[in-house]
Protein chains: 2
Amino acid sequence: MEESIHDFEKPSLTADIVIFTIEGGELKVLLVKRNISPFKGGWAFPGGFVRIDESLEDAAKRELEEEAGVRDVYLEQLFSFGEPKRDPRGRVVTVAYMALVNSEGIELKAATDVSDAKWFSIKDVPSLAFDHKEILEYSLKRLKWKFEYTTVAFSLLPKKFAISEVQKIYEMVFNKSFDKRNFSKKIISLGILKEEGLRKNVSHRPPMLYSLKKNVGDIVEII
Amino acid sequence: MEESIHDFEKPSLTADIVIFTIEGGELKVLLVKRNISPFKGGWAFPGGFVRIDESLEDAAKRELEEEAGVRDVYLEQLFSFGEPKRDPRGRVVTVAYMALVNSEGIELKAATDVSDAKWFSIKDVPSLAFDHKEILEYSLKRLKWKFEYTTVAFSLLPKKFAISEVQKIYEMVFNKSFDKRNFSKKIISLGILKEEGLRKNVSHRPPMLYSLKKNVGDIVEII
DNA sequence: TGAATAGTGTCTTTCAGACAATATGCC
DNA sequence: GGCATATTGTCTGAAAGACACTATTCA
């Protein structure tokens, strides 16, 4: 006999989001300060309960807008975390998402920011509430993977960017440096970039700016 | 003010599993026939409600044993599906898993099988209940990805296997054929296999058998 | 002309991919 | 010997990686 939908006590369901951005030449994540128990005063990823009539992705998008003031950014489901004891309040399963926000989006965010939220460099993340450390580690692994095999990196950059900026974010994520000549050769040979003219108002040789071509398939081997 | 765990109606939570195996030279998945509404009489992936005190992975393992009679097999969380209307009974979010069972495990399964479950060739899957077609497509994408970059393929083979058997399952999953010389050159050069002597009782030249070395890291570029 | 960053070419090595002949075991 | 399958090597072309000098803009 098949089990009924009413036979079991239900866990609560939340969506948590690891929001990455580049700021001041560093890879950062957004954390919010918890103002109630448990982990009161501790830092955690933005998140909240999934409403009964919204999809998981919609919940993530709602949180993204409520807590970071951004929309229409790269968003990807990562993993669901459901250890029975992960939340002291009771059984709470969370669906973790990862979002990539570019440095243009972040200006908007700063204006909208009313909560106690703060960007932390990935090298300087405080201890986190719940199992959010595990979520962070998972997200970093996924980010590297995605950087290697897809064009998500460009989601962290403004529409027009210089090759050296692309290289910088790759060096940040992989935590190693690449040869300038080989890197630009590789990126340009992919055929996914469009020239957008020279950058203005810099006090040195201005770099060519590029944008990501429309309709570039998601999967391209990058590095 | 932070939201309370009691403020929201909770969705039901299930775990569904796409169980892959190789049988008769074909890649197959296990489907169970639904004997109650909705989709009564239809085929779906094995699955069930996550108990309030078990982890997501434990729920998947339990289903795996209850419905397929296997344990200690390769198991990986795929994705959580949570469209509000995906289940006509109400709000049900499912965490999809993928399991890989080798042809030795499958013999056990046949003995334990008491439910109306059946293995379907991937080329011959009937129409599926709920959004299980989407789950199947997702799992096939993930399977290819994993075959390309990790050693999961060996989970579909018995402990000792011939190179030609490895090649066959790669050809199945990628749906194309590889050159025998290049394939074995590549697989052997990875340094992840141990020779186990010749196969016995075959009426032609016997192949060398190999096993996967212990402690082989998960990620190795295969193809 | 000095400071700062951009842009570019060659060589070597490695790896993927095309390609076919010989070896072994059993009947 | 015939059948069935296993095993093995070479060549070519493409891409990765090492490596350093010249170009441009502005102050």
Side-chain angles (χ1 to χ4, degrees), chain A residues 22 24-25 103 144 147-151 153 157-158 160-211 219-223, chain B residues 22 24-25 144-145 147-151 153 157-158 160-211 219-223:
Chain A
I22 304 284
S103 39
K144 279 186 196 175
F147 260 56
E148 211 163 341
Y149 298 112
T150 77
T151 57
L157 291 169
K160 298 183 185 183
F161 48 83
I163 298 290
S164 65
E165 297 172 307
V166 183
Q167 182 169 347
K168 263 180 224 144
I169 69 174
Y170 268 90
E171 291 179 338
M172 251 178 264
V173 168
F174 287 104
N175 201 29
K176 64 178 216 179
S177 55
F178 298 99
D179 180 84
K180 200 164 57 154
R181 288 160 291 190
N182 293 336
F183 189 87
S184 72
K185 202 193 310 176
K186 181 67 198 273
I187 295 289
I188 289 171
S189 75
L190 294 172
I192 58 177
L193 299 184
K194 198 173 95 188
E195 293 196 355
E196 297 279 1
L198 297 175
R199 172 165 285 159
K200 311 283 186 197
N201 304 320
V202 283
S203 74
H204 52 75
R205 176 172 177 177
M208 175 62 70
L209 297 179
Y210 295 86
S211 63
I219 306 295
V220 188
E221 292 226 356
I222 307 275
I223 299 298
Chain B
I22 303 283
K144 280 186 195 176
W145 185 259
F147 260 57
E148 211 162 340
Y149 298 111
T150 77
T151 56
L157 291 169
K160 298 184 185 183
F161 49 82
I163 298 290
S164 64
E165 297 171 308
V166 183
Q167 182 168 346
K168 263 181 224 146
I169 70 175
Y170 268 91
E171 291 180 336
M172 250 179 264
V173 168
F174 287 104
N175 200 29
K176 66 179 213 177
S177 54
F178 298 99
D179 179 84
K180 207 164 48 157
R181 286 160 292 189
N182 293 336
F183 188 88
S184 72
K185 202 193 310 175
K186 182 66 197 273
I187 295 288
I188 289 172
S189 76
L190 293 172
I192 58 177
L193 299 185
K194 199 173 95 188
E195 294 196 355
E196 296 281 0
L198 297 175
R199 172 164 286 157
K200 311 282 186 199
N201 304 319
V202 283
S203 72
H204 53 75
R205 177 172 176 177
M208 174 63 70
L209 297 179
Y210 295 87
S211 63
I219 306 294
V220 188
E221 292 226 356
I222 307 275
I223 298 296

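When reading the values below, keep in mind they use all heavy atoms of this one structure, side chains included, and skip hydrogens, waters and symmetry mates. Just so we're clear, the structure is a prediction, and the values are computed from it rather than from any experiment. A note on names: the letters A, B, ... follow the listed sequences, proteins ahead of strands, and every chain is numbered from 1.
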Ignoring hydrogens and angles, are the base of C:dA4 and the side chain of A:R205 linked by a donor-acceptor pair under 3.5 Å?
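Counting by modelled atom types and ignoring angles, no donor-acceptor contact under 3.5 Å is found here.
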
Nearest-nucleotide comparison on DNA chain C, the residue closer to the 5′ end among B:N201 and B:K180
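Taking each residue's closest nucleotide, the earlier one in sequence belongs to B:K180.
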
Between A:F174 and A:Y170, what is the ring plane arrangement, given parallel below 30°, perpendicular above 60°, and tilted in between?
parallel

Hey, can you tell me if B:Y149 and A:Y149 have their rings parallel, tilted or perpendicular (30° and 60° cut-offs)?
tilted

Any non-hydrogen side-chain atom of A:I222 less than 4.5 Å from a side-chain atom of A:E148?
no

A side-chain contact here means heavy atoms from C-beta on lying under 4.5 Å apart; do A:I192 and A:I187 qualify?
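SC-SC contact between A:I192 and A:I187 ruled out.
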
[X] [atom1] to [N] [atom2]: how many Å, rounded?
{"X": "A:R199", "N": "D:dT25", "atom1": "CZ", "atom2": "C1'", "answer": "14 Å"}
{"X": "B:F178", "N": "C:dA16", "atom1": "CZ", "atom2": "C1'", "answer": "12 Å"}
{"X": "B:L198", "N": "C:dG25", "atom1": "CG", "atom2": "C1'", "answer": "10 Å"}
{"X": "B:K200", "N": "C:dC26", "atom1": "NZ", "atom2": "C1'", "answer": "15 Å"}
{"X": "B:E165", "N": "D:dA6", "atom1": "CD", "atom2": "C1'", "answer": "12 Å"}
{"X": "B:F183", "N": "D:dA6", "atom1": "CZ", "atom2": "C1'", "answer": "15 Å"}
{"X": "A:F161", "N": "C:dT5", "atom1": "CZ", "atom2": "P", "answer": "20 Å"}
{"X": "B:E221", "N": "C:dA16", "atom1": "CD", "atom2": "P", "answer": "9 Å"}

What's the spacing between B:R199 CZ and B:H204 NE2 if we round to 0.5 Å?
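Here the interatomic distance stands at 8.0 Å.
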
Tell me if a side-chain donor or acceptor on B:Y210 pairs with a main-chain N or O of B:I163 at a distance below 3.5 Å.
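Answer holds: no.
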
Is there a side-chain contact between A:S164 and the phosphate of C:dA6, meaning an N or O under 4.0 Å from OP1 or OP2?
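The answer is yes; a side-chain N or O of A:S164 sits under 4.0 Å from OP1 or OP2.
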
The contact string for nucleotides 9-17 of chain D, one letter per nucleotide 5' to 3', using protein heavy atoms under 4.0 Å with B, S and - for base, sugar-phosphate only and none, comes out as BB-----SB

Look at the side chain of A:M208 and decide which nucleotide, out of D:dT25, C:dG25, C:dG7, has an atom nearest to it.
C:dG7

Which pairs, with at least one residue in residues 169-182 of chain A and sequence neighbours excluded, count as a salt bridge (Lys or Arg N to Asp or Glu O under 4.0 Å)?
A:D179-A:R181

